[in-house]
2 protein chains.
Amino acid sequence: MSVTTPAGFEASGIAAGLKASGRSDLALVVNRGPLQAAAAVFTSNRAQANPIIWSRQVIGDGVVSAVVLNSGGANCFTGAEGFQTTHATAEAVATALGVSAGDVLVCSTGLIGDQLDRAKLLAGVDAAAAALDARGGPDAAAAIMTTDTVPKVASHRADGWSIGGMAKGAGMLAPGLATMLVVVTTDAVLDSAQLDAALRAATRVSFDRLDSDGCMSTNDQVTLLASGASGVSPEFAEFAVALTAVCADLAEQLQSDAEGASHDIRIEVIGAASEDDAVEVGRSVARNNLFKAAVFGNDPNWGRVLAAIGTTSAEFDPYDVDVSMNGVRVCSAGAPDRPRDEVDLSPRAVHVLIDLKSGESAATILTNDLTHDYVHENSAYAS
Amino acid sequence: MSVTTPAGFEASGIAAGLKASGRSDLALVVNRGPLQAAAAVFTSNRAQANPIIWSRQVIGDGVVSAVVLNSGGANCFTGAEGFQTTHATAEAVATALGVSAGDVLVCSTGLIGDQLDRAKLLAGVDAAAAALDARGGPDAAAAIMTTDTVPKVASHRADGWSIGGMAKGAGMLAPGLATMLVVVTTDAVLDSAQLDAALRAATRVSFDRLDSDGCMSTNDQVTLLASGASGVSPEFAEFAVALTAVCADLAEQLQSDAEGASHDIRIEVIGAASEDDAVEVGRSVARNNLFKAAVFGNDPNWGRVLAAIGTTSAEFDPYDVDVSMNGVRVCSAGAPDRPRDEVDLSPRAVHVLIDLKSGESAATILTNDLTHDYVHENSAYAS
């Protein structure tokens, strides 16, 4: 149930001393081959952390030997010194493993604008390399946690091959990814072009549709590594479906552990003229603070859903939209239908169904409510 | 200091029984002329309340005799019955005043999706007409309050003419206006085309740059009425500057009374390649929940400012941006400058200065922090 589920991978997670709490904060995932094929997707934020700048270069040739990930600092907006720290980290991993630094991805998460303690980080790399283990996946998943309350891992076993993954992220979950670090591994035999195609297809309908708080991180990275150790070459479609399921599983775990959330909200948009329209409408509702605060208060305030839809450019008639909340049709054709007090929002899971009546396309966006605990966690994060 | 400051206007505010609290909830502003010139701007939300649909028709000919405003219900997404209520309200005002219903603007604010009590509303119109007074401006300003804690009025006195205004709005303050109802009056002699040009110029740099919580209302309306009672025709430029000052004053009052806010944040963007770029950057920061929660916690987390800027399409180099908070340069050229603990965010007023170093344009966006009280107020609004 982790990145070491597939054959050919080792992982570790140790405490390098980057976190004041003393908890583990450095993870290493190593691909022992025989293949070292890889693909990755990165934040679409133009403000990109040093590890993103580095990793974009590394992934260019589709060959990755290892991924090193630290919590306790984002290493973003830290200038030349910060970039040198990222570079030195990759070099240290390369030396410890006997690989090329140009095949080492680096991921960081934590506060923006503070320098990482380079000496602690490099000593930590040696400790992480020494701790590598074919059952080390859970340790790695624990070491990348920041405000996460539980580690997130997922896996899929097929006929002779498997996929495993880990993720972190609880705040800044937003479109184009969000402080989300994800490593997914497989022992299937696939080349980097196949991995890239499968990963982009999977993230588009999983992590990219999770929009917990509308904020986009500077450090997001989702990496897919293939060892080929199973010797099995699955059908591409079969692999892509399985990868999408693993990514969707991890995305739902991220939603369930979002900072301070008390509701997991599924916004399902149907009857859209295009999938883009459905995504735009779902995301607009997902980012409406008034709607999110209402859900926190178990208040089925569907007017805020319609007000949010009205800010989009999607094709629809505002006076011919239906909205249901947890199975109760509260709005039909833009007018009140069932009484709002029939809606029970006390369960953690909330389902909002929006029918735009303008076509055959659909999309689902996952988000959370806006709570006192969200405000509390995010007003005290740097201190 | 209100809509009855200029000559030629009468106003009133009474309790029609629309609010469960029994507080005043119906305001009437009447232009006694000799001119009845008017202009108005409306929400850009595609989901438009019934009074917006009505008022857009009324303003077409630039002639307005009266504005009737109710709190206690938005009359939005209430179907044909709701539109008939708006129409009946205008007819009742017309009958009471001996004017045409086609010259009566209607504004509503409150919960979306509930029918207004038409009988109470129409009886209230008669009571409001009976209470009209040349010193009734403050009563009208009180009657349009919803979650506002104080009424908002402003005025400007020039040589022989004046401007007066009132506003309500504390939640849903956002671009393209937001549940913001504003009535501004003047006794200057101006035609409706001049009023329209001056009002659009004024709102563009005042109400349109107030973005308290990123949510856009279905009911926003800003109305400008001219009675010509002073007999003075000011220079257009002089009038436009004075009107902008009154609108800016009201916008700052809205910011100061925003729901649950504990900080008033001025985001000043300079060095932009265009004014549009400056507005886009300022708005992106203003809508970033993580930044807003940090300010609530008096935490100068400037990394969240840069992360928000990075999501825009504005012209800038993410690694050559300067950011100051309350006078302390915390980030220079995308790297840490002064220690963040030098920044004192304990005052209510917070100034964020962002230099994009890409041109000569600038803009300032006003917003608020994200607080426990904001979540509390908006999680319990419908109940």
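Chain letters run A, B, ... following the sequence lines, proteins first and then strands; every chain starts at 1. Both backbone and side-chain heavy atoms feed into the values below; hydrogens, waters and symmetry mates do not.
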Student: Any non-hydrogen side-chain atom of A:C331 less than 4.5 Å from a side-chain atom of A:L306?
Tutor: yes
Student: B:A88: which residues meet the side-chain contact (heavy atoms from CB on, under 4.5 Å) condition with it, sequence neighbours left out?
Tutor: B:R118, B:L122
Student: If I measure from the heavy atoms of chain B, does A:Q48 come under 4.5 Å with its side chain, its backbone, both, or neither?
Tutor: both
Student: With a 4.0 Å cut-off on N to O distance, would you call A:D211 and A:R283 a salt bridge?
Tutor: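 Between A:R283 and A:D211 there is a salt bridge, with a charged N closer than 4.0 Å to a carboxylate O.
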Student: Just so I know, are the side chains of B:D369 and B:F291 near enough to count as touching, which here means a heavy-atom distance under 4.5 Å?
Tutor: no
Student: Below 4.5 Å, heavy-atom pairs only: which of A:A74, A:G113, A:G303, A:G82 has the largest tally toward chain B?
Tutor: A:G113
Student: Between A:P300, A:C76, A:G334, which residue shows the highest count of heavy-atom pairs closer than 4.5 Å to chain B?
Tutor: A:G334
Student: Residues two or more places apart in sequence or in another chain: which of them pass side-chain contact (heavy atoms from CB on, under 4.5 Å) with A:D322?
Tutor: A:R329, A:S332, A:D355, A:K357
Student: So if I take each residue of residues 313-321 of chain B and look for any heavy atom under 4.5 Å from a heavy atom in chain A, which residues do I end up with?
Tutor: B:S313, B:A314, B:F316, B:P318, B:Y319
Student: Under a 4.5 Å cut-off applied to non-hydrogen side-chain atoms, are A:L353 and A:V323 in contact?
Tutor: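 A side-chain contact is absent here, since even the closest heavy-atom pair is not under 4.5 Å.
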Student: Side chains of A:V352 and A:V350: does their closest heavy-atom pair fall under 4.5 Å?
Tutor: yes
Student: Given a strict heavy-atom distance threshold of 4.5 Å, which part of B:T371 is in contact with chain A: side chain, backbone, both, or neither?
Tutor: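 Contact with chain A is through the backbone of B:T371 alone.
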Student: Under the side-chain contact (heavy atoms from CB on, under 4.5 Å) rule, collect the residues that match up with A:D264, sequence neighbours excluded.
Tutor: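 With sequence neighbours excluded, A:D264 shows a side-chain contact (heavy atoms from CB on, under 4.5 Å) to A:Q255, A:S256, A:R348, A:N368, given in chain and number order.
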Student: Less than 4.5 Å to any heavy atom of chain B: does that hold for the side chain of A:I53, its backbone, both, or neither?
Tutor: side chain
